[in-house]
Amino acid sequence: MVEFLPETHVAERMERLQAARAATQARLGGPPDGVRLSYWERWFEEHAGEVLARFPEVRLREGKVVRYRFFGQQGRDLRVRPYVAEKSFADLRPHAWLEWVPAPDSRDARERAAPTQDVALLYRHWSFPRTAAGVFDYWLVLQELWGSMRWAHSQLVASEARFQALTSTPEWTVRQPPERFEPAVALGANQAHLAVLLFCPLEQFQVTLQRIEIDDQQALRYEDAILVASGPRGYRL
């Protein structure tokens, strides 16, 4: 059975994320000149704390904390990855063995098929309500913790009015008109499937249907996105 989440739920959750981003930025200020490992690791770790404080429905196991390793910069994209560590060993960072992998929403088909450490290092340490809203909130929190460049520039589209506001100008082409616009969740015994419309202005303005499986180990697994609408050229980052 598929359940659709109302636009009001999506808007309220996105307000929480925006508040977390604003609080982190206010505490740490703007980025320094150059690429500094210590600043960006601290920024993402502080931000993870802000996000979790605003999403009590999504819980990290007792005694755990979200940490980051920063792998430098590729173009204008920050290569960071989250992992979960014991609070008592928070200063012991596994830089020698922790490997870089791109965020789930930015992996291509070959990368998605490759084994990762993500279940052991991140996904298995969480709990959340096994409801449509709980699945959506878990996905939203984990997306924010991964913090991919695509996610940072994207917006969720959860209503026909928002979709029309984006795509009604002559520069846009609607390739596959949606029947529904709200996020859709299908719950299984040990997994769930989520479908969301996402607007992203990188390279070219696009609205895509993103299909995500949350598997029996709570890992996020993306299928190939479906192009719904395309517009003019956008940001080139």
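- In the displayed structure, N190 atom CG is contacted under 6.0 Å by at most 12 heavy atoms of other residues, nucleotides or ligands.
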Q. Should F163 and V174 be marked as a side chain to side chain contact (heavy atoms under 4.5 Å, CB included) after you check the CA-CA gap, both sets of side-chain angles, and the distance that decides it?
A. CA-CA 10 Å; F163 182 78; V174 177; 4.1 Å; yes
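- For the residue pair P232 and Q204, the shortest heavy atom distance occurs at O-CG, 3.5 Å.
- Judged by a 6.0 Å distance limit and a 45° cone about the ring axis, R16 is positioned over the six-membered ring of F55.
- Every pair tested for salt bridge (Lys or Arg N to Asp or Glu O under 4.0 Å) that includes a residue from residues 163-178 fails, sequence neighbours excluded, so the list is empty.
- One finds the CD atom of E50 at 13.5 Å from the CD atom of E45 (value rounded to the nearest 0.5 Å).
- Looking at R124 and Q217, their side chains never come closer than 4.5 Å, going by heavy atoms from C-beta outward.
- Under the 4.0 Å criterion applied to side-chain N and carboxylate O atoms, R81 and D118 are assigned as salt-bridge partners.
- The shortest distance between side-chain heavy atoms of L209 and P178 does not fall below 4.5 Å.
- Put simply, the side chain of V207 reaches to within 4.5 Å of the side chain of L166, judged on heavy atoms.
- Across G63 and E86, no two heavy atoms sit closer than the pair O-OE1, 3.4 Å.
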Q | Intermediate values then yes/no, side chain to side chain contact (heavy atoms under 4.5 Å, CB included), W151 and L140 | A | CA-CA 10 Å; W151 175 250; L140 202 63; 3.6 Å; yes
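- Counting heavy atoms from C-beta on, the side chains of L121 and V84 never come closer than 4.5 Å.
- Panel note: side chain H125, backbone A120; a donor-acceptor pair is recorded below 3.5 Å.
- Under a 3.5 Å cut-off, the side chain of T24 and the backbone N or O of A20 do form a donor-acceptor pair.
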Q | Derivation and outcome, side chain to side chain contact (heavy atoms under 4.5 Å, CB included), residues F4 and R180 | A | CA-CA 9 Å; F4 294 91; R180 296 288 297 261; 3.5 Å; yes
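- At distances below 3.5 Å, not a single donor-acceptor pair connects side-chain atoms of R221 with backbone N or O atoms of I212.
- A salt bridge does not link E41 with R69: none of the charged nitrogens is closer than 4.0 Å to a carboxylate oxygen.
- For the pair Y138 (side chain) and Q218 (backbone), a donor-acceptor distance under 3.5 Å is present.
- Between R233 and E203 there is no salt bridge, since no side-chain nitrogen of the basic residue lies less than 4.0 Å from a carboxylate oxygen of the acidic one.
- Follow the hydrophobic side-chain contacts under 4.5 Å out from L227 and you never reach L202; the two are in separate clusters.
- Relative ring orientation between Y68 and F44 is described as tilted, the plane-to-plane angle lying within the 30° to 60° band.
- Judged by distance alone, with hydrogens and angles left aside, the side-chain atoms of E182 form no donor-acceptor pair with the main-chain N or O of A158 at under 3.5 Å.
- M14 and L194 fall within a single hydrophobic cluster, where Ile, Leu, Val, Met, Phe, Trp and Tyr side chains are chained together by heavy-atom contacts under 4.5 Å.
- Annotation: the span from L28 atom CG to E46 atom CD amounts to 5.0 Å, rounded to 0.5 Å.
- Between the CG atom in L145 and the NE2 atom in H47 there is a gap of 7.5 Å [rounded to 0.5 Å].
- Between W146 and W139, the gap from one ring centroid to the other reaches at least 6.0 Å.
- Using a 30° and 60° split on the angle between ring planes, W172 and F199 fall in the tilted class, from 30° to 60°.
- Between the CZ atom of R67 and the NZ atom of K64 there is a distance of 12.5 Å, given to the nearest 0.5 Å.
- The line from OH of Y123 to CG of L142 is 6.0 Å long, rounded to the nearest 0.5 Å.
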Q | Residues H9, F136; criterion side chain to side chain contact (heavy atoms under 4.5 Å, CB included); working and verdict | A | CA-CA 10 Å; H9 182 93; F136 176 81; 3.8 Å; yes
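- Hydrophobic clustering (side-chain heavy atoms under 4.5 Å, transitive across Ile, Leu, Val, Met, Phe, Trp, Tyr) keeps L5 apart from V2.
- For the atom pair Q155 CD and L197 CG, the distance stands at 13.0 Å (nearest 0.5 Å).
- Of all non-hydrogen atoms in P102 and S106, the two that sit nearest each other are CB-OG, 3.7 Å.
- Of the possible polar contacts, none joining the Q164 side chain to the S168 backbone as a donor-acceptor pair under 3.5 Å is found.
- Between V185 and L187 the shortest side-chain heavy-atom distance falls below 4.5 Å.
- Screening residues 126-147 for salt bridge (Lys or Arg N to Asp or Glu O under 4.0 Å), with sequence neighbours left out, gives R13-D137, R21-E144.
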Q: Show the numbers, then the answer: is there a side chain to side chain donor-acceptor pair (under 3.5 Å) between T208 and Q206?
A: CA-CA 6 Å; T208 56; Q206 291 184 341; 5.9 Å; no
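- Using a 4.5 Å heavy-atom threshold, the side chains of S127 and R59 count as touching.
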